[in-house]
Student: 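Next up is a structure, given as structure tokens.
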Amino acid sequence: MRDCFNIPIQRKEIRMSRVYNFSAGPAVLPEEVLREAQEEMMDYRGCGMSVMEMSHRSSMFQQIIDEAEADFRSLLGVPDHYKVLFLQGGASQQFAAIPMNLMRHKKAGYIITGQWAKKAAAEARKYGQVVELASSADKTFSYIPDLSRLPITEDMDYVYICQNNTIYGTRYSELPDTKGRDLVSDVSSMFLSEPVDISNYAIMYGGVQKNVGPAGLVIDVIREDLIREDLDEDVPTMLRFATQAAAGSLYNTPNCWAIYICGKVFKWLKNMGGLAVMKQRNEEKAAVLYDFLDRSELFRGTVARRDRSMMNVPFVTGDKDLDAKFVAEAKGAGLENLKGHRTVGGMRASIYNAMPKAGVEKLVDFMEDFEKKNR
Ligand SMILES: *Cc1c(COP(=O)(O)O)cnc(C)c1O
């Protein structure tokens, strides 16, 4: 009989040909993090198994999640009266969990700046009254609406925004004045891209597969007084923030692997110098691309200048066939996932934290060359 444990692992030569990946999500991860995970895959720090195989109740995993939370808190400067929860169901599940936990008066205000805000509002409508405070739907969400005269009322439980709009490439350059109402923000596609003042938010949350880690994990930062036991009885156990907070995000089996990888990304971000340094790097990267778009005679950005995202950059040539040709040829040159979202068309380059400046420079060189050949 063959001894399964003695079959030598076949060490095939792994062909390494990494591309520059401009995907909106799941998206590029830091190479250092991938290599470290690879090294620890067969035997995590002498325990003889990978993190995917260990009990979420083990002291080994407890250490992983505790360290991840501590590093996340220190990166973002999360105050003590905020809880950090590692949850599943993606950002989309929070579209329901947030109204279920926060709608005391069954009323909230939503600013509609794209598909994700629209979906969040539609979900909240199942649990209470949703007032559309402002919208930029009239121009395919290519700008952030005027925030100076929002019809916010006393009886609203919260004001909801999607702070960086992954599909349309807009971001809020300032937060709305919520007139004392709690602010809830979906920061999925700008998570940890720059320093933020958490005290401006009641809840700041995001799916990590855009700018932080692998798919399957959403991180909520929640002001403690919003974690309540006295919810409607029919709110599912798993969707109650109180359940998750009391269990330290371990009410049931969490996404152990994603928490582990995110923990590594947090350490990578700390090593890079933290979020102020990341902001500077991200601004420099975005400027390389936007400066080119502004001087190009073939390509143009689709977003109002003052509302441009640092993370997601949509652009077009104005000619569908030429756009398709560009995407195909870029792929051939090792520049992947540049096809724009179907509602915008054209191209979109997502240039998250882990995208090196060299990747953006290579993209711009390629665009310049393409422009010369196709004018
Ligand atoms: C991708 C995305 C979502 C949806 O995330 P899931 O984890 O797939 O549910 C929500 N909001 C924003 C801003 C996103 O970019």
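Order of appearance sets the numbers: ligands from 1, and atoms from 1 within every ligand. This structure is a prediction, so every number in the text was calculated from the model and none was measured.
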Student: Give me the ring orientation class for Phe370 and Phe299: parallel if the planes are under 30° apart, tilted from 30 to 60°, perpendicular past 60°.
Tutor: tilted
Student: What orientation do Tyr168 and His341 show, parallel under 30°, tilted 30 to 60°, or perpendicular over 60°?
Tutor: tilted
Student: One pair to check against side chain to side chain donor-acceptor pair (under 3.5 Å): Asn312 and Thr166. What are the steps and the verdict?
Tutor: CA-CA 6 Å; Asn312 312 99; Thr166 325; 4.7 Å; no
Student: Test: ring-ring contact (aromatic ring centres under 6.0 Å, His included). Region: residues 189-210. Which pairs qualify, not counting sequence neighbours?
Tutor: Phe72-Phe191
Student: Once you restrict both partners to nitrogen or oxygen, which atoms of ligand 1 have a protein partner under 3.5 Å, and how far apart are they?
Tutor:
unit_1   : atom_1 : unit_2 : atom_2 : d
ligand 1 : 7 (O)  : Ala91  : N      : 3.1
ligand 1 : 7 (O)  : Gln209 : NE2    : 2.9
ligand 1 : 8 (O)  : Gln209 : NE2    : 3.4
ligand 1 : 9 (O)  : Ala91  : N      : 3.2
ligand 1 : 9 (O)  : Ser92  : N      : 2.8
ligand 1 : 9 (O)  : Ser92  : OG     : 2.6
ligand 1 : 11 (N) : Asp186 : OD2    : 2.6
ligand 1 : 15 (O) : Thr166 : OG1    : 2.4
ligand 1 : 15 (O) : Lys210 : NZ     : 2.5

Student: Quick check: does any side chain N or O of Asn165 sit under 3.5 Å from a backbone N or O of Ile167, one acting as donor and the other as acceptor?
Tutor: no
Student: Would you call Arg300 and Asp294 a salt bridge, taking side-chain N to carboxylate O under 4.0 Å as the test?
Tutor: no
